[in-house]
Structures are given as structure tokens and as C-alpha cells.
Amino acid sequence: MKVKRKAMNVVIYVFVALVSLSAIVPLLYVLLTSLKTSSQIYDVNQIVPTSLTLENYINVLYKAKFLTYFRNSVIVAVCTTVVCMILSICAGYGMTRYRVRGSQKLKMGILYTRMFPSVLLALPYYVIMRNLDLGDSLLGLILIYCSFTLPFTIWNMQTFFRQLPWELEEAACIDGASRTTALFRVILPMARPGIIATGLFSFMTCWDEYMYANLFISSTSKKTISLGIQSFIGEYSTDWGSLMAATVIAMVPIIIFFVVAQKNLVGGLSAGAVKG
Amino acid sequence: MKPSDYSLKRNWRGYLLVVPACIAIFLVSIYPMLYGISLAFQNYTLTKANSDDFRTFAGLKNFIEIFKQSEYIQACQNTLFWTLTNVIVQVVLAVLIALALNRKIKGRGFFRTTALIPWAVPSVIAALTFRFLYDANVGIINAVLKKLGILADGISWLGNLETARWAVVIESIWKGTPFVMIFVLAALQSVPHEMYESARVDGAGGVKTFFKITLPMIKETLGIATILTTIGTINNFNAVWLMTQGGPLGSTEIMFTYAYRRAFSAHNFGQAAAISVIMFIIIALCTFVYTKLIGEEED
């Protein structure tokens, strides 16, 4: 029995170690490649390089328009997130705090809009953007990004607000606080983890969006980061070193979020998805 | 707390708060979607914008025409393969990983965090990373195989007819499994410890305990995670497009990428919309099951 248990433990450790390795190794290799010269990248004997260089990063940051792409992505992701969060905090609070006819139906309807295949929206948007003359603009992109961000944030905020202990608001009101004071002093602080998690998710989805950006953005000065990365892939040759350096830089905000708010993100994700 | 009646007089503030979000959802989501669905029933080919039948009612013509295209049939079969392999492997793997990470092992926090990393990596970056790893000249897979003397020349894993679809599936599994794992792990942590204790007292082995106790306890969560993964996989444009664009010879083309191609290469919006509507129906059915599952959780 004891031997069997030990054997089982070994199997589990090996399995878990393999899972962790396969999760990290691809990314470590990207990092490693971003620090190689182009001849090292093609050299089988330099899988683990004998010397490192920052040449690719310098190339990406100073020669390519990467900072512009980075800035555009930040603008689009932040604007979309702020607009959607304001709308959905209001809606979430309104739906939980008051009796609004049809809110449950509304919520289920929103769920369906969350699941649309985006190609179904890409077609009409192609026509709409041309008519509104918003084709090659960040504003147009922000509008489109709201189409998948907003249903998600409304759903999540409503779920978070419903899980809050509303008795505390009542107690605050009995103690003489106005409803507005109670909202800002009691309810919003309690909802903060949910608000942060939802906001970060929304930022991350916008940061990662590729299809719409690829369809609507054509000028270099308006490209977002997911498009900008592609510029290192040529038709005949690819600048792998720069591509990998760009990849690493594009991951910086995501890594920061993950390190700072991992528990929050993970908890927020499962809470928002399993409760109706 | 909540007033018990729905009267407008007592709840006008609530309506005032909800209405802006509703208008916004209608403008950015519902109206374009209805517009998109209407395109499926129109003759809408952008390159023929001057012809007489442009924007006229087409009935079911677009639907009939796509089913005559062998590329579309292939894309449907590929979507089935793509979704099934992804969902089955991801769910099974996620359960195994979650079971292992739910045990009291040394370095559990570290292993849990690292196992989650692929989930946090943006999908564009994940696709490009794997494109790099698979590359015939610079990819690590070929480099290692060449170094070990197994291969003389590098194989283009994404350009090869036999390997491309599996290569894309592997990337998608790498990226998607942690998401399912998060759900399963959360569900496992809510199983009361005493249930395992009593099973052990009864002499039940590990496998038996899993099927008799663990599985029934996590079955709703597993259902939810499966549905969400199914929807996510059908909608996963980035992985396919950024690695193979549906090639070689359409071997990795899924319905999504085919619809995209019909729209933005062939400029036939009517047919693209017809394919999208079919996808939407499939996804709506999945969503319906999902609402039933989360409804049950609530009680």
C-alpha cells in the first residue's frame, strides 16, 4: 500500500511538472529568441545561445512604429473599457437595486449577444463603418469593440452586484446615510474586486482583438498592437528576432495584470460564468 | 431592501440606470446582428454593386448555394473535427490537471500559477508563438529533431497536409485547457473533504472515488465549462487564421474562416452571412443549454 502510494505521488509530480513545463517552455523560448542575433536564430547549435543581444528590442522600439501601435492599443482598450464599465455599473446597480420589469429576460438576451460569432457582426459593420465614414479610425474600432465587451461587462457586473450583501446598505440608510452616500461608501467598495476583475478582462479582450482591427484599420499610424506585430512577417522572409521581441513587449501589460491581480481575475472569471 | 412592486413611480431611477446600457447594446450589437441576418437573405455581392439584383431579396438562395460548395462541406467537417478534438482533449486534460493540483503536493501554488499562464497569453501572441515553434527553419521542434539526427531537413508542420490540422489543434489545446481547469479546480475545492474520508473508510479506490463522488459533484460545472469551450472553439478565428489561414488546401478551414473568406476575398456578403447565420444557430443552441445549466446552479 505504502509503495503504491509513493509510486502514485511520483506519477503526480511528473505529470504536474510536465504540465508546467509545457506551459512555460514555449514562452521562454520566445524570450530567448528575442535575445538572439538573426544568425543565432537559424543556427541549430545555438538553441541555447552563447551570447545575448538587445538588438531586436532596439530595432522594435526605435526603428519600427511599435510605440505607436502600443499607444493605439492602449487608447482603444482603455476607452472601450471605461465606456462599457460606466454603462454596466449603472445597469448592474439599477437591475439589482430596483425592480425593473424584464431585467431577467434582458440579462438572458445579453448572454446571447455575448456568444454571437463575430463574423456575423463583421459584415454589417463593414457596411455601417463605410456609411458613417469611420472606416480607418480608432473611434470606429472602439464602437465595434463595445459590441463584444459591453454584453460581457453588463453580465458580470449584474452578477457581482447580486451577490453583494444588500442588508448593509439598508443598515447604512437606517443610520441616516442617504442612498447616494450608501452607494459610494458601502456598495461600490464591496463591489470593487468585481469591478476591477471585469475591467481587466475587458481590457485584455480588447488588447487581444485581431479580426476587426485587421478588417478596418489600414493606415500604419492607426494600427493596434495585434496588427503591428504582423508587420515583422513578410511575404518572403520573416524577421523572427524582432517578431519575438515585439511579442514580449506586447505581453507586458498582461503579465503585469496577471502578477498583480491573478486571484482576482481567476475568482472573477469563475464567479461570473457559473452563476445565472 | 428591494421594494416589492414594479411601479414606475418607485423605480424610475432603476429604469434610468438600465436604459442607457440597453440603448448601447441595441446600437452596437442587436441592430448590426439583425442587419447581418438580413444580408443572408439578399443578393449582396460587393463587386456586383451595379447589377440589377444587388440588394434584392434572395430567399434561401445563399443557403442553397453554400451547400453546393465542396469547400463549405469540407469546412463543416473540419469544424466538427476541430471542435470535438479540442473540447474532448481540453476537458479530459483539465480534469486530470485539476485533480493533481487539488492534492496536497509541494509547490502547489507555483504549479497552479504556471499551469494558468497560457490562459493569460493573448490569443494573437499564442498563435504567433506556435507558428514560430513549428517553423521549418527556425522552429525549436525541428531544431531539436535535427540535432538528435532524427530529421535531415526541417518539416513545415503547418504547411504539411498531414500535420497541419493537428498542429493547429495542439496550439488551441495549449491555450484553452487552463480555462477549463480553473472551473474544475474551483468545483473540486467545493467538494466537502468528509465525502472523500468516508469513501476511503468504505475502502473505495482512487478511480472508484472519482466516478462515485467527485464526478457527480462537479458535473454541472463540467457541463458549463464544456459548453463555453465549445462556443469558444467554434468562434476561434485567431488561432486558425494566424497560423494557417485555413490552408494547406483547406485542411484547417473552419466555418468561421470560410465565412470570412467568402465575405472579404470573394466579396459575397450574402453567402458569408448565410454561413454566419448557421453558426449563430448552432451557438444559440449551445447558449440555450448553458442558460439551463446556470439556472440549475442557482437553485
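Treat the numbers as computed from the prediction; the structure is a model and nothing was measured. Lettering follows sequence order; numbering is per chain, from 1.
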What part of [X] lies closer than 4.5 angstrom to a heavy atom of chain A: side chain, backbone, both or neither?
{"X": "B/L242", "answer": "side chain"}
{"X": "B/F237", "answer": "side chain"}
{"X": "B/K106", "answer": "both"}
{"X": "B/W12", "answer": "neither"}
{"X": "B/Y31", "answer": "side chain"}
{"X": "B/I25", "answer": "both"}
{"X": "B/D135", "answer": "side chain"}
{"X": "B/T177", "answer": "neither"}
{"X": "B/L133", "answer": "side chain"}
{"X": "B/L46", "answer": "side chain"}
{"X": "B/L39", "answer": "side chain"}
{"X": "B/V19", "answer": "neither"}
{"X": "B/I283", "answer": "side chain"}

Options [options], ranked by heavy-atom pairs under 4.5 Å with chain B, top entry:
{"options": "A/F15, A/W207, A/F257", "result": "A/F15"}
{"options": "A/L121, A/V16, A/I144, A/L27", "result": "A/V16"}
{"options": "A/V127, A/N214, A/I86", "result": "A/V127"}
{"options": "A/P117, A/G94, A/S20, A/A91", "result": "A/P117"}
{"options": "A/L243, A/I110, A/N9, A/T33", "result": "A/T33"}

Identify which part of [X] has an atom lying under 4.5 Å from any heavy atom of chain B, answering side chain, backbone, both or neither.
{"X": "A/S88", "value": "neither"}
{"X": "A/I41", "value": "both"}
{"X": "A/F116", "value": "both"}
{"X": "A/Y13", "value": "side chain"}
{"X": "A/V19", "value": "side chain"}
{"X": "A/I229", "value": "side chain"}
{"X": "A/M204", "value": "side chain"}
{"X": "A/T205", "value": "neither"}
{"X": "A/I255", "value": "neither"}

Taking [X] for its side chain and [Y] for its backbone only, find out whether a donor-acceptor pair lies under 3.5 Å.
{"X": "A/D208", "Y": "B/S123", "answer": "yes"}
{"X": "B/N11", "Y": "A/R99", "answer": "yes"}
{"X": "B/S29", "Y": "A/S147", "answer": "yes"}
{"X": "B/N235", "Y": "A/S118", "answer": "no"}

Take atom OH in A/Y42; do more than 12 heavy atoms of anything else shown fall under 6.0 Å from it?
-> yes

Does atom CZ of B/R103 have more than 12 heavy-atom neighbours from other groups under 6.0 Å away?
-> no

Among [options], which has the most heavy-atom pairs under 4.5 Å with chain A?
{"options": "B/I231, B/I140, B/L101", "answer": "B/I140"}
{"options": "B/V144, B/I234, B/L93, B/L116", "answer": "B/L116"}
{"options": "B/P178, B/P20, B/A284", "answer": "B/A284"}
{"options": "B/K175, B/M255, B/R131", "answer": "B/R131"}
{"options": "B/A273, B/P32, B/A21", "answer": "B/P32"}

Quick one: [atom1] on [X] to [atom2] on [Y], what's the gap to the nearest 0.5 Å?
{"X": "A/M251", "Y": "B/I125", "atom1": "CE", "atom2": "CD1", "answer": "5.0 Å"}
{"X": "A/M108", "Y": "B/T287", "atom1": "CE", "atom2": "OG1", "answer": "11.0 Å"}
{"X": "A/L106", "Y": "B/C22", "atom1": "CG", "atom2": "SG", "answer": "4.5 Å"}
{"X": "B/Y290", "Y": "A/L111", "atom1": "OH", "atom2": "CG", "answer": "6.0 Å"}
{"X": "B/I275", "Y": "A/L120", "atom1": "CD1", "atom2": "CG", "answer": "11.5 Å"}

Can you find a heavy atom in the side chain of B/L17 that is under 4.5 Å from one in the side chain of A/Y98?
-> yes

Do A/I12 and B/L99 come close enough that some side-chain heavy atom pair is under 4.5 Å?
-> no

Using the ring of each side chain (for Trp, its six-membered ring), is B/F132 parallel, tilted or perpendicular to A/W240, with breaks at 30° and 60°?
-> tilted

Do you know which two heavy atoms are closest between [X] and [Y], and how far apart they sit?
{"X": "A/S22", "Y": "B/W174", "result": "O-NE1, 2.8 Å"}
{"X": "B/G14", "Y": "A/V100", "result": "C-CG2, 3.8 Å"}
{"X": "B/T114", "Y": "A/A23", "result": "O-CB, 3.4 Å"}

Evaluate the ring-ring contact (aromatic ring centres under 6.0 Å, His included) criterion for residues A/Y126 and B/F264: first the C-alpha distance (whole Å), next the side-chain angles of each, then the deciding distance (0.1 Å), finally the verdict.
-> CA-CA 10 Å; A/Y126 192 81; B/F264 302 109; 5.3 Å; yes

The single option from B/T129, B/I117, B/V121 passing side chain to side chain contact (heavy atoms under 4.5 Å, CB included) against A/P26 | B/T129

